[in-house]
Amino acid sequence: MFVKEADRPDTSPGPHPVDFVRAAVIEDIQSGRFEGRVHTRFPPEPNGYLHIGHAKAICIDFGIAAEFNGLCNLRFDDTNPTKEDVEYVESIREDIHWLGFDWEDRLFYASDYFEQLYQFAVQLIKAGKAYVCDLSPEEIRRGRGSLTAPGVPSPYRNRPVEENLDLFRRMRDGEFPEASRVLRAKIDMASPNLNLRDPVIYRILHASHHRTGDRWCIYPTYDYAHPLSDSIEGITHSICTLEFENHRPLYDWFLEQLGVFHSRQIEFARLNLTYTVMSKRKLLELVQAGFVSGWDDPRMPTLCGLRRRGYTPEAIKNFCSIIGVTKTNSLTDIALLEHCLRENLNKTSPRAMAVLRPLRVVIDNYPEEQVEQLEAVNNPEDPGMGTRPVPFSRVLYIERDDFREDPPRKYRRLAPGREVRLRYGYFITCTDVVKDPDTGDVLELHCTYDPATRGGAAPDGRKVKGTIHWVSAAHAVECEVRLYDRLFAVEGPSDVPADRDFKDFLNPESLVVLTGCRCEPSLATAAPGARFQFERIGYFCVDPDSTPDVPVFNRTVPLRDSWAKIEKKLATASR
RNA sequence: UACCCCGUGGUGUAAUGGUAGCACAAGUGGUUUUGGUCCACUCGGUCCAGGUUCGAAUCCUGGCGGGGUAGCCA
């Protein structure tokens, strides 16, 4: 009744469970707490690139707004000029748009409110609720007490209002060096919640801000700026992650003390995925230490990395919908993400044939100069995508994996004397194997074809066990293929023994580069970003590194491979 | 050791005092010109102990386990 059908990603029939955040929103609509309004915000700090964990938050923030006929603002939480940069602002905007969300004309910055936040602070001082503290960072830390011991009041805690006002103004005017003084909220040094032990709300930072330049040398802290920014924008539901749960009393305190519009903060559990890391610090470390090529390395869980890898926004959004929203700390199997990806790609990707590790095949009884254009279906899941011609000739390449001199049990592909179907081509039978006399390596296969099986169907009803893909040697385009796999070799790289570094668990085979691959000619002109299913192998997309001479394909995700499972089982059974 | 939060199959979630369900993963079989897709089936769960109740995954109490919190980061 409240959730608009069209905006709900999950369109399956039956009753739809409502997560606890949406339940809270519904409750507020029904009680009239915000006059029925729903207004959320996505508040990234521009100090890094967005990753799939942020995508979850974006889907919640923008998704809930859309479902309840509300609005969602994009607000950069730019209160710390020492860590932030416009480079990040740009990428964040691009990534949100790529996902398919839009903030329209509601692009804001916490720094837009610096003057107003300053005035609020003055108001707090006048009310005796904030004071300038001259203690050093170390002294403040010690005075805060510990998890079990109460803090001790600062000697400056009862500074007269006039003196606080004067000092705070002079902090703003730049009279004092960094870290010499701060403005603190006067709350409760004995509170069991450490966030309430007179938290710092303004610090002196003689740093140039990416938007306000040198206009300010005092900057508000997150705890202070966030609730007030929400209030200024009229945000009804301030949805954030679990680590801010202990900050909620402080969030509420500022709004109550100042008597301003009171947003409701709701916290949910952040996303964790197996075989990767999600912390900005660790991702930055991987980039800086050169373990990956950059923030957009296709192995990164960043949105730009996933985009370059070939992920679709639809797959990511559907994944975010499926995992739900709860307060339970969890570790989601990346297989679920890959499932969503394949589900989307299967329906949308045109098929093509590419041979990653080529093995030359000569069809001895096929005419020397003959070339046929065979018709291949572009997507069996969507006949509307049509067909394309694929050239066939006497010399082909097939996948080395598709030939075995001594085929194991259940192997359905090519072997000496065996007949297989070439996809959309002919039945061929292997008649001879040419090997390097020194190494024994298979160099080339000789086969015969059955002209009656053109297109892959046998008029006599004869069956073959296997169908393999191929390219015509004379027509194939040489290309590079980058096989990407999970970044880490262990499920929980963030949760390794204390004496080990998470980087020790990187998967040494997370990238395997194949050169000299061959793809069908229709792929020669594919534009960067274009996605394909290479039949029987996986989903691939064109990398920006591609040149007109050599296209470069990234493996987005392999196809499910039941043969690999059988082979593995045979291997373990024989041991 | 203080406060806050969380404990449902291997994983992610639903059931809002009334039949523990879905998805992924795993396994078995069927269809198939992709060992893909699709279809069918199987496996497997309420942290523990008390209490309230006709009835508890759900409410209460106490344990146990996990996470968060002592930045002038967000």
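Letters A, B, ... are given to chains in the order of the sequence lines, protein chains preceding strands, and every chain is numbered from 1. Just so it is clear, the model here is predicted, and its values are computed rather than measured.
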K.L.:
What dot-bracket string describes RNA chain B from 5' to 3', counting Watson-Crick and G-U wobble pairs whose defining distances are under 3.5 Å, with [ ] for crossing pairs and | for pairs to another strand?
P.N.:
.((((((..((((....[..)))).(((((.......)))))....(((((..]....))))))))))).....
K.L.:
Would you state whether a donor and an acceptor, one from the side chain of A:Q533 and one from the base of B:U34, lie under 3.5 Å apart?
P.N.:
yes
K.L.:
Report yes if a donor N or O on one partner sits less than 3.5 Å from an acceptor N or O on the other, where the partners are the side chain of A:E381 and the base of B:G36; otherwise report no.
P.N.:
yes
K.L.:
What is the distance from atom CZ of A:F42 to atom CG of A:D77, rounded to the nearest 0.5 Å?
P.N.:
10.5 Å
K.L.:
Is it true that A:K347 and A:E343 have a side-chain N and a carboxylate O under 4.0 angstrom from each other?
P.N.:
no
K.L.:
Please list residues of residues 263-276 of chain A whose heavy atoms come under 4.0 Å from any atom in RNA chain B, ordered by number; otherwise none.
P.N.:
none
K.L.:
Quantified in whole Å, what is the P atom distance between nucleotide B:A15 and nucleotide B:G55?
P.N.:
24 Å
K.L.:
Using side chain to side chain contact (heavy atoms under 4.5 Å, CB included) as the criterion, list what pairs up with A:A458, not counting sequence neighbours.
P.N.:
A:F427, A:T453, A:D460, A:R462
K.L.:
Mind listing the N/O atom pairs, protein and nucleotides 70-72 of chain B, below 3.5 Å?
P.N.:
from, atom 1, to, atom 2, distance (Å)
B:G71, OP2, A:R144, NH2, 3.0
B:C72, OP1, A:R144, NH2, 3.3
B:C72, OP2, A:R144, NH1, 3.1
B:C72, N4, A:L135, O, 3.2
B:C72, N4, A:P137, N, 3.4
B:C72, N4, A:A179, O, 3.0

K.L.:
Look at all strands and tell whether A:T326 reaches a base, only sugar-phosphate, or nothing, counting heavy atoms closer than 4.0 Å.
P.N.:
sugar-phosphate
K.L.:
What distance do A:I96 atom CD1 and A:I58 atom CD1 have between them, rounded to the nearest 0.5 Å?
P.N.:
4.5 Å
K.L.:
By a strict heavy-atom criterion of less than 4.0 Å, which residues belonging to residues 382-391 of chain A are in contact with RNA chain B?
P.N.:
none
K.L.:
Taking RNA chain B as the partner, which of residues 328-344 of chain A come within under 4.0 angstrom of it by heavy atom?
P.N.:
A:T328, A:N329, A:S330, A:L331, A:T332, A:D333, A:A335, A:L336, A:H339
K.L.:
Between A:R357 and A:E399 (salt bridge meaning N to carboxylate O under 4.0 Å), is one present in this structure?
P.N.:
no
K.L.:
Verify whether the ring centers belonging to A:Y224 and A:F254 lie closer than 6.0 Å.
P.N.:
yes
